[in-house]
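In what follows, a single structure is set out as structure tokens and then discussed.
As the structure is a prediction and not an experimental result, all values here were calculated from the model.
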Amino acid sequence: MAATKVVTDVAGNVWKIVAKVGDALDEDDTIMIIDSMKMELPETAPTSGTLTEILVEEGEAIPEGETVAVIE
């Protein structure tokens, strides 16, 4: 199975990471929550699979278009 990158649609701060590496995810499961312009926005899995990498940390500022996780 090919790796799928999880890319943010907004700039903001990683408020909370909900999923852990090794978790089995279904499409649209929440991986983390991004705080952007005083709103908490879920970053969800674009596809089903296993979360193999989380590339950011809680509290980290991220730009729009940043790859934040990888699912296989």
Verdict with reasoning, V14 to V68, per side-chain contact (heavy atoms from CB on, under 4.5 Å): CA-CA 9 Å; V14 179; V68 295; 5.6 Å; no
Donor-acceptor under 3.5 Å (T50 side chain, G22 main chain): no
Gap between atom CG of N13 and atom CD1 of I33 - 0.5 Å precision: 13.5 Å
Distance in Å, T30 OG1 paired with I17 CD1, rounded so as to fall on 0.5 Å steps: 13.0 Å
For T8 against P63, the heavy-atom pair lying closest together: OG1-O, 3.3 Å
Side-chain heavy atoms of M32 within contact of V56, under 4.5 Å: yes
Within one Ile-Leu-Val-Met-Phe-Trp-Tyr cluster: I54 and V7, side-chain cutoff 4.5 Å: no
Contact check, side chains of L41 and V10, non-hydrogen atoms, under 4.5 Å: yes
Heavy-atom closest pair, residues A3 and V70: CB-CG1, 3.8 Å
Verdict with reasoning, I71 to L51, per side-chain contact (heavy atoms from CB on, under 4.5 Å): CA-CA 5 Å; I71 298 171; L51 184 61; 4.2 Å; yes
T4 versus P46, closest heavy-atom pair with distance: CG2-CG, 3.8 Å
Shortest non-hydrogen contact from G12 toward I34: CA-CG2, 4.1 Å
Smallest separation among heavy atoms of S36 and A11, with atom names: OG-O, 2.8 Å
Shared hydrophobic cluster for I31 and M39 (ILVMFWY, side-chain gaps under 4.5 Å): yes
Donor-acceptor pair, side chain of T44 and main chain of E27, under 3.5 angstrom: no
